[in-house]
Amino acid sequence: MLDIKLFRDQPDMVKEALNKRSIDSSVVKRVIELDLNRRELLQEVESLKHQKNDQSAKIGEMARKGEDISKIRETMRVVSDSISDGNDKVRSIQEELNDLLLDLPNLPDKSVPYGESEEDNPVKKTWGDVSKMEFPPLSHIELGEKNNMIDFDRGVKIAGNKFVMLRGKGAILARKLQNMMLENAGKRGYTELAVPFIAKRSTLLGSGQLPKFEDDLYKLDGEDSFLIPTGEVPLINTRAGEIIPTSELPIKITAVTSCFRREAGAAGKETRGLIRVHQFEKVELVRLTKPEESWDALEEMLEDAESILKKLKIPYRVITLCTADLTAFTSSKTYDIEVWFPSMNKYVEISSVSNCIDFQARRANIKYRDDNKKLKFVHTLNGSGVAVGRCMASLMENRQRADGSLDLDDIL
RNA sequence: GGAGAGGUGACCGAGUGGUUGAAGGUGCUCGCCUGCUAAGCGAGUGAGUGGUUUAUCCCGCUCCGGGAGUUCGAAUCUCCCCCUCUCCGCCA
């Protein structure tokens, strides 16, 4: 959630920044209008309340002395009524304002490069050798079936389209990869957590998936809870509503979770394979930091995520998402890590590392005390470290031999 | 799922419908005292939001799990919901 003070103090900056994320400036105008409106009304109502408090105290005194209070009571009843009218008005304005604010994405940081489309994402770095193989590479789908590691049909039989079943070495490979990733994160200072895969509405609100993206989530029948679309949801919310002792910062936590996504807008896209599925496993990295440390933390987290790919010797590149492609709702700046897929002759996203600054902390109400003992929102960062299915798919493709077998001895 | 108990400030813990934003204690901060440590003495110490100012100070309003209600007035009374604990049931 954006700070309403930004709208008051720097409306043009907000308009411009949101414009980069294709938000019409009329929304900003409306927010400012509502805020102004609300404050005016608030002052009226509060002065009535002041009157009420004042008089009520007097009535108490009079009653104690045994004086007649019936007349003043009648007067106060009227005041009380107009207070509750005013309250209703303030509340309805507040609600509209809140709904608007909850639907607005974070502002791109100044350092986010301008771009018209995803074509304009600058490449920050590349790593590894992506020279052509001496034979036509098979896709991970073909390799998975050929080596009896991935059973697409049976996954579909059990759960439907875009669900996958792993078998034998496939299942083992996924498990070992998860394990390597968690151990790696542990060595880099992250505390491993085992978290629920179901989250309440308020939890999803805190990390920013709700209210805007409910259609992307699996909702539990008869309950106001959802399957988590990413481990970020439980990890960020571990500290929701808390004042974190400053000595505990920065907090670095990790967990492997299943992630459930309805992929509502992606019907027909990549119907087979491990790239786009309704359920996948991912090791998530999260940090909570002091505001002044979050930008350094972002660079460190990028390295945290990269390190596992280096260990697995998977060629990758890092891109900085430009203003047009910064689609992560909560993010102020995002790096994507993309791994090489020989069969497609291109890089595919495997990790997204973002600094959300105070956007989530404001929603989830996560604070700490700064050097002057003032309460402030922490900054939150999240990154995949990394998606297991996509990692496995890329690994298989990059480790294939001419006969379609795989060179995975160092991992299995 | 059933029965009971309970949810008050960073923490523990009082609280009869009206000077209770909330006693008392712990912790914390500052000062004094003591040859160090410990102890002692004194003062201070919640958050959100609005006005004014903007390093502050000051003045309002709101907040005692969440929501609705009764009342001139609710931490205190009524209803609904959530959560925690204990016992029973069920279960990997």
Side-chain angles (χ1 to χ4, degrees), chain A residues 1-10 31-102 194 196-206 210-211 220-226 234 237-249 251 258 288 292 358 361-378:
Chain A
M1 182 136 72
L2 296 172
D3 189 350
I4 188 71
K5 288 190 187 113
L6 289 175
F7 291 79
R8 288 176 200 164
D9 302 341
Q10 307 171 64
V31 167
I32 293 170
E33 190 179 288
L34 286 169
D35 177 51
L36 221 65
N37 222 316
R38 186 186 74 93
R39 281 186 288 162
E40 266 173 34
L41 256 168
L42 204 58
Q43 283 178 53
E44 286 175 30
V45 177
E46 286 187 355
S47 88
L48 283 176
K49 284 182 180 173
H50 180 49
Q51 194 185 335
K52 181 195 82 174
N53 290 342
D54 225 46
Q55 294 301 309
S56 287
K58 230 169 247 170
I59 291 174
E61 242 173 86
M62 289 167 71
R64 232 173 294 123
K65 288 185 201 152
E67 294 174 30
D68 175 36
I69 57 174
S70 57
K71 205 177 275 174
I72 185 165
R73 223 160 67 173
E74 278 313 304
T75 325
M76 290 328 292
R77 188 199 294 276
V78 176
V79 172
S80 221
D81 284 348
S82 52
I83 286 175
S84 79
D85 281 357
N87 266 343
D88 289 348
K89 278 185 206 153
V90 170
R91 181 178 313 186
S92 89
I93 291 174
Q94 179 76 60
E95 252 167 49
E96 187 184 344
L97 184 59
N98 216 25
D99 288 349
L100 284 178
L101 286 176
L102 282 173
F197 295 178
I198 289 174
K200 297 185 293 187
R201 179 174 293 275
S202 60
T203 303
L204 276 307
L205 202 91
L210 288 179
L220 301 195
D221 192 22
E223 295 184 43
D224 209 19
S225 296
F226 304 80
N237 282 289
T238 49
R239 296 309 195 110
E242 293 188 31
I243 296 166
I244 299 173
T246 309
S247 59
E248 284 184 41
L249 294 174
I251 288 171
S258 294
L288 308 182
E292 62 269 25
D358 62 351
R362 201 175 285 283
R363 287 177 165 240
N365 193 23
I366 310 172
K367 296 184 172 175
Y368 80 107
R369 278 184 203 282
D370 70 6
D371 294 341
N372 300 318
K373 311 241 159 158
K374 281 223 162 197
L375 286 177
K376 275 196 177 159
F377 291 111
V378 300

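Each chain gets a letter, A, B and so on, in the order the sequences are listed, and its residues count up from 1. The shown structure was predicted, so the numbers you read here are calculated from the model rather than taken from an experiment.
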*If B/rU29 has a Watson-Crick or G-U wobble mate with both distances under 3.5 Å, name it; if not, just say none.*
B/rA43
Would you classify [X] as touching base, sugar-phosphate or nothing, given that sugar-phosphate means primed atoms plus P, OP1 and OP2, and contacts are heavy atoms under 4.0 Å?
X: A/Leu375; value: sugar-phosphate
X: A/Lys374; value: sugar-phosphate
X: A/Arg362; value: nothing
X: A/Arg91; value: sugar-phosphate

*Can you tell me, in whole Å, how much space there is between the C1' of B/rG35 and that of B/rA47?*
44 Å
Rounded to whole Å, how long is the line connecting atom [atom1] of [X] with atom [atom2] of [N]?
X: A/Ile59; N: B/rU71; atom1: CD1; atom2: P; result: 14 Å
X: A/Arg38; N: B/rC61; atom1: CZ; atom2: P; result: 17 Å
X: A/Asp68; N: B/rC72; atom1: CG; atom2: C1'; result: 13 Å
X: A/Ile83; N: B/rC72; atom1: CD1; atom2: C1'; result: 10 Å
X: A/Gln55; N: B/rC61; atom1: CD; atom2: P; result: 13 Å

*Contact check, side chains of A/Val79 and A/Gln55, non-hydrogen atoms, under 4.5 Å*: no
State plainly whether the residues [X] and [Y] are in salt-bridge range, i.e. N to O under 4.0 Å.
X: A/Arg362; Y: A/Asp358; result: yes
X: A/Glu248; Y: A/Arg239; result: yes
X: A/Lys89; Y: A/Asp85; result: no
X: A/Glu74; Y: A/Arg77; result: yes

*Starting at the 5' end of RNA chain B, which residue's closest nucleotide do you reach first, A/Glu74 or A/Arg369?*
A/Arg369
*Of A/Gly60 and A/Asp54, the one whose closest RNA chain B nucleotide lies more 5'*: A/Gly60
Less than 4.0 angstrom between a side-chain N/O of [X] and OP1 or OP2 of [N], yes or no?
X: A/Asn53; N: B/rC61; answer: yes
X: A/Arg39; N: B/rG50; answer: no
X: A/Lys367; N: B/rG48; answer: yes

_Stretch residues 42-49 of chain A: residues that reach within less than 4.0 Å of RNA chain B through a heavy atom_ = A/Leu42, A/Gln43, A/Glu46, A/Lys49
